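As structure tokens, the structure follows; a few thoughts come after it.
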Amino acid sequence: MTMTNSKKTRIAISGASGRMGKMLIESVMVDPACELSAALDIDESPMIGRDAGEFIGQQTGVRITADLNSLVETDVLIDFTRPEATVRYLAACEQYDVRAVIGTTGFDASGLASIHAFSRHRAAVFAPNMSVGVNITLKLLETAGHFLSEGFDIEVIEAHHRHKVDAPSGTALKMAEVVARAARRHLPEVARYTREGHTGERPEKEIGFSVIRGGDIVGDHTVLFAGTGERIEITHKSSSRATYAQGAIRAAKFLNDKAAGLFDMQDVLGLR
């Protein structure tokens, strides 16, 4: 692994002109242990050729580009884009010996296989939600799923902004997976994604999903355990994308001494 002589982690950001990309760039710039090495976006972006810090009135010396060769001086790529773009970026990371932090969601089986193949030779953190709070919530859900596996119906309710293109969210799916595993259920067999018309009684082991899309909601997630005469709700609400960006930067620094392997935020935070 090629490393810089300084102690700073050289970070590239993909989707640099998007909402999350801008938040990541700003987070890199204010972290004294990191430096921005590249800013990537699609050819059609109107920001191509402009300074990556222009949106906050700062000059970084790094211009937004679609040229993947710009990764040559990078330690870690942080990617919050689309599955098809992520796979393309991973191929470039493999070429230039770059590790990856992947916050993109909505991968199909082929995309997931690409991530696993990448991690056999280079280190990656792959998590549907980089928030520290969300990952603490996952630990709470693991406990709740174990003790509330009998006598309680389980529902996952999530809400996001109107521009989100996948549903349920990756975080909602991860929460359901954690609960299902703790309750000794296989999620694909018990998940219920839609209800309409005459649905019949709820199966005992079912885990249901409800999805809300609207406005500028950053991300709300609730797991409801509904029993007879009582309910338990475990909720996490995000009011800013900064929490995702800060977690992603933490994940990038976590990879500094990792050569290969697939990690998640539970590893990054020492919660495993």
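All values derive from a computational prediction rather than experimental measurement.
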Exercise. Indicate the atoms forming the closest heavy-atom contact of Ala127 with Met265, along with that distance.
Key: CB-CG, 3.7 Å
Exercise. State which residues pass ring-ring contact (aromatic ring centres under 6.0 Å, His included) with Phe225; sequence neighbours excluded, sorted by chain then number.
Key: none
Exercise. Kindly write out the residues that satisfy salt bridge (charged side-chain N to carboxylate O under 4.0 Å, His left out) with Asp67, not counting sequence neighbours, or none if the list is empty.
Key: none
Practice problem: Could you pull out all residues at least two apart from Phe263 that satisfy ring-ring contact (aromatic ring centres under 6.0 Å, His included)? | Solution: Phe254
Practice problem: With rounding to the nearest 0.5 Å, note down the distance linking CG in Asp31 to CG in Leu36. | Solution: 12.0 Å
Quiz item: Residues in salt bridge (charged side-chain N to carboxylate O under 4.0 Å, His left out) with Arg213, at least two apart?
Solution: Glu158
Quiz item: Is it true that atom CZ of Arg19 has more than 12 heavy atoms of other residues, nucleotides or ligands lying nearer than 6.0 Å?
Solution: yes
Exercise. Would you kindly confirm whether Val28 and Val268 end up in one hydrophobic cluster when ILVMFWY residues are joined by side chain heavy atoms under 4.5 Å apart?
Key: yes
Quiz item: Where do Leu40 and Leu71 land on the side chain to side chain contact (heavy atoms under 4.5 Å, CB included) test, with the steps shown first?
Solution: CA-CA 9 Å; Leu40 296 165; Leu71 290 174; 3.9 Å; yes
Quiz item: So, do Asn129 and Lys174 sit near enough that their side-chain heavy atoms are less than 4.5 Å apart?
Solution: no
Quiz item: Taking only residues at least two apart or on different chains, which pairs with a member in residues 133-149 satisfy side-chain hydrogen bond (donor to acceptor under 3.5 Å, both in side chains)?
Solution: Asn135-Gln266, Lys139-Glu142
Quiz item: Cys34 versus Ile249: any side-chain heavy-atom pair under 4.5 Å?
Solution: yes
Quiz item: Hey, is the main chain of Arg99 close enough, under 3.5 Å, to the side chain of Arg122 for a donor-acceptor pair?
Solution: no
Exercise. Decide whether Val190 and Phe209 are clustered together by the hydrophobic rule: side chain heavy atoms of Ile, Leu, Val, Met, Phe, Trp, Tyr closer than 4.5 Å, transitively.
Key: yes
Exercise. Using the side chain to side chain contact (heavy atoms under 4.5 Å, CB included) rule, take Ile11 and Val101 through it: C-alpha gap first, then chi angles, then the decisive distance, then the call.
Key: CA-CA 10 Å; Ile11 297 177; Val101 173; over 6 Å; no
Quiz item: Of all heavy-atom pairs between Ala245 and Met23, which one has the smallest distance, and what is that distance?
Solution: CB-CG, 3.6 Å
Quiz item: With Ile154, which of Leu148, Leu141, Val223, Leu224 fulfils side-chain contact (heavy atoms from CB on, under 4.5 Å)?
Solution: Val223
Quiz item: Closest heavy-atom contact between Ile234 and Ala144?
Solution: CD1-CB, 3.9 Å
Exercise. Can you measure from OH (Tyr89) to CD1 (Ile78) and round to the nearest 0.5 angstrom?
Key: 13.5 Å
Practice problem: Taking the side chain as every heavy atom from C-beta outward, state whether Leu255 and Val125 have any pair of such atoms under 4.5 Å apart. | Solution: yes
Quiz item: Any side-chain heavy atom of Glu150 sitting closer than 4.5 Å to one from Lys205?
Solution: yes
Practice problem: Indicate yes or no: at least one non-hydrogen side-chain atom of Leu262 is less than 4.5 angstrom from one of Phe118. | Solution: no
Practice problem: Indicate whether any N or O donor in one side chain lies under 3.5 Å from an N or O acceptor in the other, for Tyr244 and Ser238. | Solution: yes
Quiz item: side-chain hydrogen bond (donor to acceptor under 3.5 Å, both in side chains) between Ser14 and Thr81: does it pass, once the steps are laid out?
Solution: CA-CA 7 Å; Ser14 56; Thr81 56; 4.6 Å; no
Quiz prompt | Listed once per pair and sorted, the side-chain hydrogen bond (donor to acceptor under 3.5 Å, both in side chains) pairs that draw on residues 105-114, sequence neighbours left out | solution = Thr105-Asp166
Self-check item: Pairwise distance CG(Leu187) to CG(Leu173) - rounded to 0.5 angstrom
Solution: 7.5 Å
Quiz item: Under a 4.5 Å side-chain heavy-atom rule over Ile, Leu, Val, Met, Phe, Trp and Tyr, are Leu24 and Met130 clustered together?
Solution: yes
Self-check item: Under 3.5 Å: donor-acceptor pair, side chain of Ser119, backbone of His116
Solution: yes
Quiz prompt | Listed once per pair and sorted, the salt bridge (Lys or Arg N to Asp or Glu O under 4.0 Å) pairs that draw on residues 187-199, sequence neighbours left out | solution = Glu155-Arg195, Arg192-Glu206, Arg195-Glu206
Quiz item: If every non-hydrogen atom of Val211 is compared with every non-hydrogen atom of Pro168, which pair is closest and at what distance?
Solution: CG2-CA, 4.0 Å
Quiz prompt | Pairwise side-chain contact, Ile13 with Phe80, heavy-atom cut-off 4.5 Å (strictly under) | solution = no
Quiz item: What residues form a ring-ring contact (aromatic ring centres under 6.0 Å, His included) with Phe107, not counting sequence neighbours?
Solution: Phe126
Exercise. Could you list who else is in Met47's hydrophobic cluster, with ILVMFWY side chains joined at under 4.5 Å, directly or through other members?
Key: Ile48, Ile64
Quiz item: Side-chain contact, heavy-atom cut-off 4.5 Å: Leu68 with Arg88?
Solution: yes
Self-check item: Closest approach of Val98 to Thr74 (non-hydrogen atoms, all atoms of both residues)
Solution: CG2-O, 3.4 Å
Self-check item: Summary of side-chain hydrogen bond (donor to acceptor under 3.5 Å, both in side chains) pairs that have at least one residue in residues 214-224, sequence neighbours excluded
Solution: Ser169-His221, Thr222-Thr235
Quiz item: Looking only at side chains, do Thr86 and Thr104 share a donor and an acceptor under 3.5 Å apart?
Solution: yes
Self-check item: Rounded distance [0.5 Å steps], OG1 in Thr9 versus CG in Asn256
Solution: 3.5 Å
Quiz item: Tell me, do Val165 and Arg82 make a side-chain contact under 4.5 Å, heavy atoms counted?
Solution: yes
Exercise. Mind jotting down which residue pairs meet the salt bridge (Lys or Arg N to Asp or Glu O under 4.0 Å) criterion with at least one end in residues 39-54? Sequence neighbours excluded, please.
Key: Arg50-Glu54
Quiz item: At what distance, to the nearest 0.5 angstrom, does NZ of Lys22 lie from OG of Ser27?
Solution: 14.0 Å
Practice problem: Kindly state each residue pair satisfying salt bridge (Lys or Arg N to Asp or Glu O under 4.0 Å) with at least one member in residues 234-248, sequence neighbours excluded. | Solution: none
Quiz prompt | CD1 on Ile136 to NE2 on His236, rounded to 0.5 Å | solution = 10.0 Å
Quiz item: What about Leu112 and Leu90, same hydrophobic cluster or not, with Ile/Leu/Val/Met/Phe/Trp/Tyr joined at side-chain heavy-atom distances under 4.5 Å?
Solution: yes
Quiz item: If you look at every heavy atom in Arg250 and Val132, which pair is closest and at what distance?
Solution: NH1-CG2, 3.9 Å
Quiz item: Ile56 and Val62: same hydrophobic cluster, using ILVMFWY side-chain contacts below 4.5 Å?
Solution: yes
